[in-house]
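Just so it is clear, the model here is predicted, and its values are computed rather than measured. Chain A is the first sequence line, chain B the second, and so forth, proteins listed ahead of strands; every chain is numbered from 1.
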Amino acid sequence: MGNPTATLEREGLTAMNAPGPQLDEADQPRAAMIKFTHPSGSRPLEGYTIKRGVGRGGFGEVYFATSDAGKEVALKLIRRNLEVELRGVSQCLNLKHPNLIALYDIRTDSLGDQWVVMEYVSGESLEDVIERNPQGMPVDEALRWMRGMCAGVAYLHDHGIVHRDLKPGNIFIDEGTVKIGDYGLAKFISCSRRSGQTESVGTVHYMAPEIANGRYGREIDTYALGIILFEMLTGRVPFEGESVGEVLMKHLTAEPDLSILSQPYRGIVERALAKDPDVRLKSVGELMALLPDGGELPAGNPPAFHHTPHAGEALPVGNSRPMPNHPNEQNGRVNGYNGQDSRKARQFAQSNSAKVEEPIWKVIRDTFSRDRFHGMPPLMQAAILFALVFAGMFYWAPLLALAPFLLVTYLVYYLVWTATTKQKRQPAINSPQELVGGTATVATQGSVSGDDPMGAAEASATEKRPADPRGAPSPLRRQRSNWRERAQRLVAKKPLRVKLTELTGSMLAAAIIAACAACTVPLVFRSQPISEQWAATIWLAIVGTVGSWCVLVPAKLSEGVVEDQAPLRITYLVLGAALGAGAWFLGNALMLKIPGWRESIDVGHGLISHEMLRWPQPISSGNPPLVAYAAYFAFLLLVPRWWRQAEFTRDSRLSLWTAFVCAGWAWLLHAFWWFPQPMGMMTAITISLATQFSSPWMRPSQRRELSQSPINSYDRQESYRRT
Amino acid sequence: MNCSTRALASFNEEDTVPGKQPPNRALLWIDAVGGYLVCLDERIVIGQPSPNETVAVPILADLSRRHAVVHRDGGTYVLEPLHTTRVDGREIRGPYILADNQLIQLGDGVRLRFRKPHALSATARLTLESHHKTQPSSDAILLMADSCVLGPHRHCHVPCRYWPRDIIIYRQDSQLFCRADEPLRIGGGTPTPRAEVRPGDRVEGEAISFTWEAL
């Protein structure tokens, strides 16, 4: 096999030097926040009507379109300004293999943009399947994917083509057949060297180490297949990192931790991920032969396996089996699922995703979900919160008494419901084991005996996955490109001077807002003497101000820089304790008698705080002890994610819900670390409101601008807008 | 057609008479998400596509031209079989009230999953679980009542995984409107949180875009 690519210079289209957690945003198909140039119904290319955008492939936007006669195709737009060399694509245009997405044609539109017309694959991508199985997919399913991929890649190699960009986002399943996409483009497209930057093609997670030296042999595809096999079985890639550089460095130096894989997969992945391409598995065929049941080759399949290995291909060392060659295999399957298997697989997916839900809980959840709440007009939100707070303040005792009763009733109901409903349900395929059983011919023939790959995959479930930075809710395997991340990157680039200027402004604003919020004290404590009302007002204004500063300063200084919750939380713990101590001294100085202190002291009797500290009962002073203050404020700041209220990228400038949650925590906290209420809740609300009002916020118009701007140009701009 | 199915076919004569007005349908093309066939009528016919008449949900499969009818009555959906129809594996011979997450099987091979994901909306979704396709092809069929929710959550009628928030399409006086928490640019106009959607309009938000194409 000749290797015409060895002489080709590889220069990249993807920004490899981008900082931050986004590793491959331009490569992510179906990622969020994609803007499509051509709307539905437009006809940029004669003869085809665009229906919708599908995603962003390695080299441009991909659309679903129909021809005038009704043929469904995918159109990939390759921009003129990429100075594309399509000189080798004709070689790919006429490749025929069931596991490759067929290329129909390359056309040029009136603007000079190139379009690749290709087969439209309606099924999901391997990336989707991996995301659906975060702990790894059933082994036989992974093997089916693997066989299809190997067959397609072996065919490409046999035709002298290196894929170079193998990744789950490029691999699809359509009517039970595995389909590899993006093959012609990765190899033949390159930019001019004008920019002076040499960048690599491909996605870093799947990138073989020798790419760093500009070596682009077939071995890089073997390496990528090894990574994908690992990812399919465990749900994550072997080399993870916060930045492109970190992942690349791990590819170059780190040994993957394969202990969670069982044999034979551990051995296969180990040999496929060898750092030295000369040591690595020599061919995809060899890899395939190592797979359990690898000899079972589907009928009507790749010529790649019928050709003899050539000179360059050393015979496999070690325990590998001979090259598979089973032309007599007549099981009617084309590299992947047969019809029944695919149906079962889908059923399996379905039964996983659509469980029968308990109706009462469903109604409650749907009614009170945060999104519904956010959808209401602000006045309504305020009214609801007000009602809840008041109900909590005045009726908390009966409500608290009612809660266990309701809980027990619901529990009994739930048990009855489960017992009756679950039996009525039709037997669905619920466990991967059943699936395995149904497709026993595929998976269990051969060398799986004694091994428990499923167990291995399940064992990986217990392994802790890397925590998402700063607790941002992200069910996704990898961070995706969206305006939020890009905005955070912009924030991270802010010089310290600008940050400090912003911070000063915020702190000033926070003081004013806290003072305003403190004016509600006289309304709440009308029954107190005027002097005590004044003392409480001043106390709340100052504590609220300093409290919001305690939140603002660490949040602002760490925004976009610190990607871990722990340091922030520790900072808040310490600041909270200091704030509490300060509040105590202030209270003493003001001769503050916190309203409700004496009345509700009996409530605190028997609480952890009292038992531990043996507070004198009754307390003579009007102010709780110093340690009560310090600990209460420390816990108050420790638990809620206060920094998110100061984030530049939060959803809305002011979220009453968040303030309510903080107040709720303040109330809950006093149940085990006593502090007079509603003073504690009012302090929490004041801090929350002051923080939210005063910290800069990215307006929706700016977000739109950010999400619509081309991905890299915006990042290159060091500039950003201040709110 | 065997004897029993013939008997079934006669039970609702009205639906088998051709020449009625065409079904009120639309295609919802959502960028980066999928294409959805939206049926706006209360009564929809599922069958094989034919050049002479249009059924609301034409499926390219070995079906009769009018194979079954799904009828929405308030918040409940009634499946009326015209030919061999099974629900969760059991053959039904008369009107059958569908429950969430039931599997409808038409003829020998067509399997449709019936979902009514949102507790507060009567809109339902039919997803083809067999390898068949609708004509024109779509990822799912929406039986739209008054409102239809597009968004990232499980209870949305159209699950859009990467969307930041929900968008609601709803009907009012036979007009369609679209509403969201963010300003939407509809048909190239100025961004508003709520606006009418006319056939052919493209709706664009901060991070989303879709097109409503009448059929």
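Distance CZ/F36(A) to CZ/R202(B): 9.0 Å, rounded to 0.5 Å. From K51(A), atom NZ reaches atom OG of S138(B) across 12.0 Å, with rounding to the nearest 0.5 Å. The NE2 atom of H131(B) sits 11.0 Å away from atom CG of D174(A), with the distance rounded to the nearest 0.5 Å. For the atom pair H38(A) NE2 and D31(B) CG, the distance stands at 12.0 Å (nearest 0.5 Å). Distance check, rounded to the nearest 0.5 Å: OG of S122(A) to CG of L128(B) gives 11.0 Å.
Contacts of F64(A) with chain B are made by side-chain atoms alone, with heavy-atom separations under 4.5 Å and no backbone atom involved. When heavy atoms are compared at a cutoff of 4.5 Å, P136(B) does not approach chain A at all. Using a 4.5 Å cut-off between heavy atoms, I30(B) touches chain A through its backbone atoms (N, CA, C, O) alone.
At most 12 non-hydrogen atoms from other residues, nucleotides or ligands lie less than 6.0 angstrom from CD1 of I97(B). The number of heavy atoms from other shown groups lying within 6.0 Å of CZ (R171(B)) is above 12.
Side-chain contact check for R52(A) versus L28(B): every heavy-atom pair is 4.5 Å or farther apart. Using a 4.5 Å heavy-atom threshold, the side chains of E204(B) and P39(A) count as separate.
Minimum interatomic distance between S40(A) and T211(B) (heavy atoms only, all atoms of both residues): CB-OG1, 3.2 Å.
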